[in-house]
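See structure below.
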Amino acid sequence: MTITSISPIVNERRFSTPPPGGAPRIYPAPDFPFKGWQPPQPEGYRQSAATPSESAIIIDNGAHTIKAGFSFEKNPHLLVPPIVAKYKDRKYNKYCAFVGYDAYADATTRGQIRTAFEQNTSIPTNWDIMEGIYDYLFLKLGVDNDGSVDRPLVITETVANLGHSRRMMNEMLFECYRVPSVTTGIDSLFSYRYNKGQSGLIVSSSHTSTHVIPVLDRKPQMQSCTRLNWGGSQSQDFLLKLLRLKYPTFPGKMTTEQMETYIKQYCYLSKDYVSEVSTYLDWSGLEEERDIIIQYPYTEQVVVEKSAEELARIAERKKESGRRLQEQAAKMRLERLIRKEQELEYYQHLHQSYLEAPTKKEQRRILDDEEFKDEAALERVIRDLDKSIQKSRNKDLGAPEEEEKLEEQLNKFPLLDTPDDQLDEDGLKEKRHQRLMKSGVEARIRAKAEKERERARAAEEERRDIEMRETRFDVWLQGRRQQRDQLLAKIKEQARQKADSGNRKGMASQMRMKTLANLAADGPKRKRRGGGEYDDDFGANDDDWGVYRTVATEPASDDDEPEDDPLTVLKAVESELLQFDPEFSEKDTIEAQNDWTKSVLHAFLRGARPADPESQREANQIHLNVERIRVPEVVFQPAIAGVDQAGLVEVIEGIVMGRFSDPNQQKALLKDVFLTGGNTMFTTFEERLQRELTAAMPDAFPINVRKASNPIFDAWRGAASWWNNPDTPSREAATVTRAEYLEKGSDYIKEHELGNFVSPSLGFAS
Amino acid sequence: MPPSTPQPADDSHQQLLDQMDIYYAPKPFRNATWKPSTRRNKNTKQIISESQRKEASVLATQNNSGASTPNPATGATSDGAATPAYSSAASRPLNVAQATQSLSTLVLERNLQRAANGPVAGLGGPAVTYTNIESAPSLHPANHKHYCDITGLPAKYTDPKTKLRYYNTEIFGVVRTLPQGAPDQYLAARGANVILK
């Protein structure tokens with residue numbers, strides 16, 4: 001099948017507004033599956049006491065849930081996940097053990113959870129945990145016999161269970177619990193038997209793996225069975241991985257238990273994956289049908305809405321404090337002014353006494369006391385004080401300091417017109433000062449004129465631009481479009497440079513490394529000899545420091561004045577184009593193109609509504625959309641999750657067409673394809689498999705796919721009904737008694753129609 | 001670890017825990033003298049490698065381990081046509097020295113015979129073990145469709161730099177702005193990451 005549906009998607013994405021619809025579907029994130037205290041149910045055990053050898057305890061030893069009950073019951077009444085939290089309570093200084101759902105009681109117990117099965121396999125590897133679970137099972141079943149569990153046991157194991165695991169199981173059951181007998185069988189075969197299967201193909205997709213077992217005339221063809229390493233637990237891990245990648249900064253804590261709920265409740269098996277996934281993020285129906293929002297707990301940042309009255313009060317308070325500050329400043333200015341006036345008075349008095357002093361010596365003494373060099377210094381201090389007092393007074397009065405026109409100021413330098421020979425020394429000094437002042441004023445006048453000219457030039461340019469637009473519109477338009485393209489290229493280049501800045505192999509970094517290498521090579525040529533310190537005089541010349549400018553990561557821009565942000569310029573150009581270019585419409589602007597409604601990624605991450613990056617509520621939401629079909633699809637296309645195995649259809653094809661040559665057998669197998677196990681619970685599983693098998697298989701074989709009446713419980717029910725079967729000899733032929741165990745060892749099993757076979761190469765010499 | 005569930009002020013939660021705790025609960029049905037083997041917890045990798053080693057050592061003791069077909073020189077009657085070992089085993093002369101030499105061969109033959117005529121028909125061929133029932137990699141070209149690593153949509157393109165597959169130019173932009181290490185995580189989700197050892 002080729003991908004044909006790409007171009008229509010692109011067209012369909014052209015929605016400018018989100019589709020109208022009701023409220024989005026938001027579901028709360030589920031909590032841990034804690035079920036509270038479960039009292040023991042000893043009724044079954046008491047009832048079984050009437051026929052202790054006929055009433056077996058049936059245990060479906062599943063990696064997801066262990067189901068247990070008595071053979072005369074209709075359903076397993078104990079469902080226990082194979083987990084134990086065992087730890088030492090520091091506070092009460094005692095050991096604790098919580099089994100099954102009890103282990104989810106609180107954070108401490110959850111932190112100590114260990115599972116009996118190895119991850120992603122159906123093989124029990126932690127037998128201390130397993131023992132804890134069986135203790136719990138027998139406690140809850142109400143077994144109270146002294147020294148042994150005095151009921152036969154029927155347990156299930158996985159296909160081709162490992163010898164060590166079987167040995168340990170038998171050892172535990174016969175030695176620790178001293179059960180009278182154990183019958184071991186395969187869960188999916190029990191389920192098939194319960195659903196009255198004769199010949200067919202069992203597809204058992206369970207928590208850890210997917211098995212395909214062909215059965216002919218009630219006999220499983222174990223040498224042709226196949227396992228695909230994908231099941232519910234792998235799906236959970238995969239979904240968790242996908243969501244962590246989708247929301248890398250997600251603040252909440254996503255757990256595998258939650259993933260299980262999402263898969264059960266929101267995921268489904270697509271009937272036609274490729275075409276469905278192609279249009280999955282289209283707007284139409286995204287919100288109504290495909291996007292699921294999970295809301296994790298969050299605390300919204302509280303923004304208190306202030307009333308108008310409150311706002312007014314705040315403004316008043318601000319004004320008040322401003323006024324107070326102003327008053328304080330005025331007061332301080334006044335104080336300073338008074339102090340200055342006092343100083344001025346003192347110095348004027350000093351000057352007076354200096355002038356009135358009778359002798360030169362006396363004059364000198366007065367100056368020295370105040371540490372003045374000469375009379376001019378004293379006079380300067382007085383003048384400065386006077387001036388600053390004047391200035392402060394002006395400010396206090398709010399008098400404008402520089403209201404006079406610059407031109408008028410020019411006339412305020414009278415001394416400049418006076419020739420030098422008419423002036424004394426002070427006069428000359430004053431003249432020099434006035435010349436300086438005058439040149440300052442002139443510079444300001446020139447700057448003002450420059451500004452004026454610039455304004456005129458801009459106005460002229462604009463006028464010419466308008467004229468151009470009116471007279472030669474096409475040229476003008478071309479220029480504008482060119483400008484827009486250049487700006488776009490510039491923005492792109494800037495983004496590229498920014499992205500490149502961290503790249504070690506980037507152009508900029510390479511240039512920098514080159515410079516550094518050159519600098520190192522330029523270093524001292526003369527080797528240091530003896531102990532003599534060699535100084536290369538770096539820094540003595542100011543130009544030396546320029547190397548740091550070239551070494552700096554950011555290339556120094558040629559002109560110092562900051563350039564306009566290309567985005568703002570672009571906006572201006574675009575607004576002009578919008579106004580005058582008939583071909584340039586609202587949707588062509590860069591803003592419209594970057595709009596979220598055009599974004600596939602937005603639909604993927606945030607669904608069919610605009611996102612608010614500030615909102616805590618939205619930050620704690622996850623959107624399930626493509627994942628809803630992507631995760632269940634792995635059974636059919638394991639490559640999606642990187643499993644290097646053939647998909648379910650190819651596996652079935654390989655078994656039916658490759659391992660069986662008799663067309664009658666092939667026909668018989670395909671006539672009854674039987675689904676069991678928790679991972680087949682997706683409602684469309686049969687339909688999908690039927691369709692794909694019909695496509696893959698020859699016409700001559702009619703294909704019928706059916707699902708177990710209850711894909712999860714039927715293994716247990718099958719084992720129970722098998723035990724209750726009146727055909728006692730076949731039951732005995734499959735059961736290992738305690739005597740046989742003691743005689744033949746812990747890995748002894750009896751081969752029967754619903755169990756594993758002993759592999760010949762490691763078999764027992766009989 | 002700080003408890004994420006709010007603890008009630010009274011000790012009702014502790015009472016609940018005490019009720020559920022089975023560590024000290026009386027378990028009369030257990031064998032009081034039961035002492036589990038210390039080496040009973042093994043992971044599947046250990047178990048499989050141990051059993052494979054065992055298997056290999058069994059095979060190595062066969063002096064003609066190349067096949068279950070014994071060397072014609074040791075067998076007295078071999079008509080050339082009947083090569084299967086177990087068919088000729090019955091007519092083997094009772095030479096004690098030779099029998100000792102090929103005792104292990106005999107055991108292997110017996111086992112094969114047993115497998116062939118065993119209680120269940122059709123159980124010939126290789127043994128069914130946990131490792132060899134794993135399904136093979138896909139050989140069908142139609143099953144190698146490419147999907148976008150970011151969104152899961154069908155992907156036509158592959159980024160030569162990160163090797164990520166992507167749906168369109170917008171996603172390409174995302175691919176190129178991913179932080180360090182993120183592309184590897186995406187690749188790991190599809191099992192295509194390079195692991196340096």
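First the proteins, then the strands, lettered A, B, ... as listed; each starts at 1.
For chain A, the nearby parts of B:L17 are the backbone and the side chain; heavy atoms of each come within less than 4.5 Å. For A:Y92, the part lying under 4.5 angstrom from a heavy atom of chain B is the side chain only.
Under a cut-off of 6.0 angstrom, the local environment of OH in A:Y95 is sparse, with at most 12 non-hydrogen atoms contributed by other residues, nucleotides or ligands.
Classification of B:K42 and A:E118 as a salt-bridged pair fails, no side-chain N sitting under 4.0 Å from a carboxylate O. Checked for salt-bridge contact, B:D18 and A:K94 meet the test: a charged N lies under 4.0 Å from a carboxylate O.
The OG atom of B:S135 sits 13.0 Å away from atom CH2 of A:W230, with the distance rounded to the nearest 0.5 Å. Separation of atoms CG (B:L139) and CD (A:E653) is listed at 10.5 Å; rounding is to 0.5 Å.
B:E170 places a side-chain N or O within 3.5 Å of a backbone atom of A:V600 that can act as its donor or acceptor partner. A donor-acceptor pair under 3.5 Å is formed between the side chain of A:R227 and the backbone N or O of B:Y130.
Most heavy-atom pairs under 4.5 Å with chain B, from the set A:M168, A:Q38, A:E175: that is A:E175.
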Determine, step by step, whether B:R30 and A:D146 satisfy the salt bridge (Lys or Arg N to Asp or Glu O under 4.0 Å) criterion, reporting the C-alpha distance in whole Å, the side-chain angles of both residues, the deciding distance to 0.1 Å, and the verdict. CA-CA 8 Å; B:R30 278 175 71 100; A:D146 226 5; over 6 Å; no
Audit row: A:F604, B:Y167, ring-ring contact (aromatic ring centres under 6.0 Å, His included) steps and yes/no: CA-CA 12 Å; A:F604 178 59; B:Y167 169 67; over 10 Å; no
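Of all the heavy atoms in B:I133 and A:A160, the pair that sits closest is CD1-CB, 4.1 Å.
Centroid-to-centroid, the aromatic rings of A:Y134 and B:F29 stay 6.0 Å apart or farther.
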